Amino acid sequence: MTVWLLVFVIVCAFLPIAVGMLMLAAAFRNQIIAEEIFLESLPQEFDGFRILFISDIHRRRLPKRLLEPMKGKVDIVLLGGDMTDKGGSISRLSDNMKLAASLAPAYAVHGNHDYRANTALVDDILRGSGVRLLIDENIIIEHEGAELLLTGVDFPPKGGKRAYAPLPSPTPSEAQLFRIILVHDPLWLTQQTGPPADLILAGHTHGGQIVLPFVGHRHVDPFYREYNAGHYVLPRKDGSGKEAKLLISRGFGTAHLPLRWGSPAEMHVLTLRSDEKQQDLPEAGR
């Protein structure tokens with residue numbers, strides 16, 4: 001009886017340490033998820049267009065060993081905000097942004113933590129590294145003679161759910177283009193009557209970061225309980241009958257504590273595919 005009691009005490013003492021080490025390891029995991037996204041209105045010229053999407057880097061260092069081989073193999077890099085933290089390393093931010101911009105044309109939007117840092121310095125580093133910062137701005141992306149519209153939605157500098165600036169309106173010619181929206185917090189969608197784009201890329205949630213068994217995601221806002229991480233299909237609600245695709249990344253870094261459980265760190269390589277190709281696939285291959 002004494003032996004079993006001793007074993008029980010030892011297990012109870014070391015179990016939290018073991019779990020903590022596993023959570024720490026998960027927080028620093030380097031994982032790139034490569035996947036195809038089939039899109040209804042994607043121009044044929046953009047079929048095969050590859051996006052490296054990274055959100056919520058925070059204080060982590062981007063892995064050169066994994067990312068440098070992607071140079072010339074991705075067409076664009078999109079950074080979904082929270083590139084740093086208050087008190088984060090400026091030299092690390094600079095290294096991360098230079099690496100991102102060396103792979104392909106790179107674009108970024110602010111996240112809430114970017115506005116808690118020295119924002120003017122952060123912005124100078126981004127622009128000096130070759131990353132274009134989109135602050136409620138539309139730009140044209142050209143590929144193989146075709147165009148799409150990329151819109152960067154800026155996180156409200158003072159925070160709050162309803163403080164977003166109006167979505168920048170496209171010109172009449174731009175309004176006909178396939179549209180990608182890059183936004184840090186997917187909660188922004190609650191301000192829209194319907195998703196105003198064909199593809200929306202977001203982060204912020206960290207997938208809950210620590211997802212405990214039987215407890216699940218403990219987000220305060222009900223929106224995040226449904227839209228937590230992963231892929232979603234949303235009706236456009238613009239009379240077109242079309243759908244929008246939404247990807248919410250779990251992010252690469254962590255907020256507050258460098259711990260994860262049940263929500264691994266991730267980056268994404270997204271290959272855009274015309275929906276016509278999906279229709280041509282045999283049923284078993286879908």
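Being a predicted model, the structure only gives us computed values, none of them experimental. For this chain, numbers begin at 1 and follow the sequence in order. The figures that follow rest on heavy atoms only: side chains count, while hydrogens, waters and symmetry mates do not.
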If we only count heavy atoms from C-beta on, is the [X] to [Y] side-chain gap below 4.5 Å?
X	Y	result
Thr151	Leu134	no
His268	Leu247	yes
Leu67	Leu52	yes
Asp47	Leu272	no
Phe155	Tyr164	yes
Leu78	Leu201	yes
Ile141	Glu147	no
Ile37	His231	yes

Item to check | The single option from Leu126, Ile57, Asp114 passing side-chain contact (heavy atoms from CB on, under 4.5 Å) against Leu93 | outcome: Leu126
same_hphob_cluster([X], [Y]) at 4.5 Å side-chain heavy-atom cutoff:
X	Y	result
Ile180	Ile140	no
Leu133	Ile90	yes
Leu42	Leu177	no
Ile33	Leu199	no

Indicate yes or no for a side-chain donor-acceptor contact from [X] to the backbone of [Y] under 3.5 Å, with no hydrogens or angles considered.
X	Y	result
Thr205	Asn228	yes
Lys242	Pro235	no
Arg50	Lys73	yes
Asn96	Leu62	yes
Asp75	Ile51	no
Ser129	Met97	no
Glu45	Ala146	no
Thr84	Arg59	no

Between atom [atom1] of [X] and atom [atom2] of [Y], what is the distance when rounded to the nearest 0.5 Å?
X	Y	atom1	atom2	answer
Met267	Leu66	CE	CG	6.0 Å
Asp185	Tyr227	CG	OH	14.0 Å
Glu266	His206	CD	NE2	11.0 Å
Glu35	Ile32	CD	CD1	12.0 Å
Leu149	Asn138	CG	CG	4.5 Å
Asp82	His58	CG	NE2	4.0 Å

How close do [X] and [Y] get, heavy atom to heavy atom, and via which atoms?
X	Y	answer
Arg61	Arg92	NH2-NE, 3.5 Å
Phe252	Pro63	CZ-CD, 3.6 Å
Pro168	Arg179	O-NH2, 3.0 Å
Leu182	Gly80	CD1-CA, 4.0 Å
Pro186	Gly203	CD-O, 3.3 Å
Phe38	Ser274	CD2-O, 3.6 Å

Next on the checklist: Students often mix this up, so state it plainly: with edges at 30° and 60°, are the rings of Phe46 and His143 parallel, tilted or perpendicular?
Outcome noted: tilted
Next on the checklist: Before you tell me yes or no, could you show the steps for Tyr232 and Ile200 under side chain to side chain contact (heavy atoms under 4.5 Å, CB included), namely the whole-Å CA-CA distance, both residues' side-chain angles and the distance that decides it to 0.1 Å?
Outcome noted: CA-CA 10 Å; Tyr232 303 87; Ile200 300 169; over 6 Å; no
Next on the checklist: Set out, in order, the CA-CA distance, both residues' side-chain angles and the distance that settles side chain to side chain contact (heavy atoms under 4.5 Å, CB included) for Val183 and Leu189, then state yes or no.
Outcome noted: CA-CA 9 Å; Val183 59; Leu189 281 165; over 6 Å; no
Checklist entry - Is it the case that Glu36 and Thr271 place a side-chain donor and acceptor less than 3.5 Å from each other? => result no
Below 3.5 Å, can you tabulate the donor-acceptor pairs from side chains in residues 101-113 to any protein atom, sequence neighbours excluded?
| unit_1 | atom_1 | unit_2 | atom_2 | d |
| --- | --- | --- | --- | --- |
| Ser102 | OG | Leu99 | O | 2.7 |
| His110 | ND1 | Tyr115 | OH | 2.9 |
| His110 | ND1 | Asp154 | OD1 | 2.7 |
| His110 | NE2 | Asp123 | OD1 | 2.8 |
| His110 | NE2 | Asp123 | OD2 | 3.4 |
| Asn112 | OD1 | His184 | NE2 | 3.0 |
| Asn112 | OD1 | His204 | ND1 | 3.3 |
| His113 | ND1 | Asp85 | OD1 | 2.9 |

Checklist outcome for this item: Sorted by chain and residue number, the side-chain contact (heavy atoms from CB on, under 4.5 Å) partners of Glu243 (sequence neighbours excluded) come out as Glu40, Val233
Item to check | Pairs touching residues 190-203 that satisfy side chain to side chain donor-acceptor pair (under 3.5 Å), sequence neighbours left out | outcome: Asp198-Arg236
Item to check | Glu142 and Leu148: CA distance, side-chain angles, deciding distance, side chain to side chain contact (heavy atoms under 4.5 Å, CB included) verdict | outcome: CA-CA 7 Å; Glu142 298 181 356; Leu148 62 75; over 6 Å; no
Item to check | Check against side chain to side chain contact (heavy atoms under 4.5 Å, CB included), Leu79 and Val131 | outcome: CA-CA 9 Å; Leu79 303 169; Val131 175; 4.1 Å; yes
